[in-house]
Amino acid sequence: MKMKMVVAVMALFAVRHAWAEEQAVEVVHWWTSGGEAAALNVLKEDMQKRGYAWKDSPIAGGGGEQARTVLRARVAAGNPPDAMQMLGFTIRDYADEGLLGDLSSVANKEGWDKVVPAPLAKFSKNAKGQWVAAPVNIHRTNWIWANKKIFDELKISPPKTFDELIAISAKIKAAGYIPLAHGGQPWQEATIFDSAVMSAGGPAFYKKAMIELDPAALGSKNMEKAFDQMAKLRTLVDDNFSGRDWNLATAMVINGKAAMQMMGDWAKGEFIKAGKKPNVDFLCFQYPGTEGAFTFNTDQFAMFKVGEKQAKGQLTLASAVMNPSFQEAFNLAKGSIPARTDVPDTKFEACGKKSMADLKVAIKNDTMLGSFAHGHAMPDAVKGAGYDVVTKFFNHPGASSAEAAKEFAKAIEAAK
Ligand code: GAL
């Protein structure tokens, strides 16, 4: 009798186990900071409610360089995950290799075309126009996050010009604070460079240089101006910036050690996670000279062709990601705004509302432009060549801006 019971329990366990295996969806991502993890939890819980176990495969490293390297190796070994967090041109690369599954059945049924802005949907589809990725958000890179207490104490306001930014930074330094919290990693320098280029030449210039890769624009006076700004910003960071993770830099602003950080709005996710409120504890404003412009990156989930058994779970994940109320809940935690334009801004705080309003105008004026730093302006290999020049310059105080602009143009030309 006892033996029979044991066998029955074991059989039940085996069935359960097989069911769990079948129902699990493996997702590779780099969302490991406090704010990022909180946002991802919304998706994990949503998938669990839909009957799928979440097989979590995090690979730490802001900006996702490390995660992309691991993915490349897994794909080469014939072991891709079911789903992967992906940005811009990376999606295109894997789609061109024919490795991504077609999500069009869900996309067409749910009318994604009507709600996803065209500059973003361009990255969600393969060459045949089939949906191969589900966009979860819209991040913006040309933000500055500031500690309000420091601004109030020193009676300074958000700068309207780059010169004003340098002037308030002198006051901040004199009062014993670090003007700019920065993490010395290539993608973080590139994130600031997005704004410097936009500020130096405006949206039409940014588009010509960073997206159309026009050699004359790339080596122009405007590009030299952008490098000039980078050189001045280098004087505003502390001595320990090298290698620092972006969220630790955000924490320096949250804790009042530093006054500002130039970072995409995933930084806002950290402020929110720490219980801070915009216009009470922190300020958000555009890098001077980029008001109204919108350098975007969008996180998307691309699904690999891993066989019929997993396809249902993958389509379920795609549908979950595109659900309007999920997009609202997720983006409230992530710091970004929904990838769907039909989600109301009611529940978003001031910075989120501003981003949503600015996006509308940017879409109309064709100034919603892909971020260089986050893989939405140029193919990944070309981006990498650009990163090298920007980071080398930032780490060599005293280097010539004119030379750097020439080098930048040369590196992009050679890689494209
Ligand atoms: C970006 C990504 C964001 C954010 C950031 C820092 O590339 O799009 O979602 O998490 O990296 O890790």
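Read the numbers this way: they start at 1 and go in the same order the structure lists the ligands and their atoms. This chain uses plain numbering: 1 for the first residue, then up along the sequence. None of the values given here were measured: they were computed from a predicted structure.
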Worksheet item: Does Gly63 have a non-hydrogen atom less than 4.0 Å from ligand 1?
Response: yes
Discussion item. Give me the nearest non-hydrogen protein atom to atom 2 (C) of ligand 1 as residue plus atom name, then the distance to 0.1 Å.
Written reply: Asp299 OD1, 3.4 Å
Discussion item. Distance check, rounded to the nearest 0.5 Å: Asn142 atom CG versus Tyr287 atom OH?
Written reply: 10.5 Å
Discussion item. Students should be able to answer this: which protein heavy-atom is nearest to atom 1 (C) of ligand 1, and at what distance?
Written reply: His374 ND1, 3.6 Å
Worksheet entry | Contact summary for Val132 and Ala95, nearest pair of heavy atoms | CG2-CB, 4.2 Å
Worksheet item: Do any nitrogen or oxygen atoms of Trp30 come within less than 3.5 Å of a nitrogen or oxygen of ligand 1?
Response: yes
Discussion item. Under 4.0 Å from a heavy atom of His139: which atoms of ligand 1 are those, numbered in the order shown and with their elements?
Written reply: 3 (C), 9 (O)
Worksheet item: Taking only heavy atoms of Trp246, which atoms of ligand 1 are found under 4.0 Å from at least one of them?
Response: 6 (C), 12 (O)
Worksheet item: Which atoms of ligand 1 have any heavy atom of Lys334 under 4.0 Å away?
Response: 3 (C), 4 (C), 9 (O), 10 (O)
Worksheet, complete the sentence: To the nearest 0.5 Å, atom CZ of Phe372 lies from atom NZ of Lys383 at 8.0 Å
Fill in: Nearest heavy-atom neighbours spanning Met230 and Ala196
SD-CB, 4.2 Å
Fill in: Candidate list Lys305, Arg72, Arg92, test salt bridge (charged side-chain N to carboxylate O under 4.0 Å, His left out), partner Glu97, passing option
Arg72
Practice prompt. Enumerate the atoms of ligand 1 whose separation from the nearest heavy atom of Leu87 is less than 4.0 angstrom.
Written response: 7 (O), 8 (O)
Worksheet entry | Summary of disulfide bond (SG atoms under 2.5 Å apart) pairs that have at least one residue in residues 213-308, sequence neighbours excluded | Cys284-Cys351
Discussion item. Under 4.0 Å from a heavy atom of Glu36: which atoms of ligand 1 are those, numbered in the order shown and with their elements?
Written reply: 4 (C), 5 (C), 6 (C), 10 (O), 12 (O)
Practice prompt. Would you please name every residue forming a side chain to side chain contact (heavy atoms under 4.5 Å, CB included) with Asn147, sequence neighbours left out?
Written response: Lys149, Ile150, Val253
Discussion item. Below the 3.5 angstrom mark, is there an N/O of Asn297, backbone or side chain, next to an N/O of ligand 1?
Written reply: yes
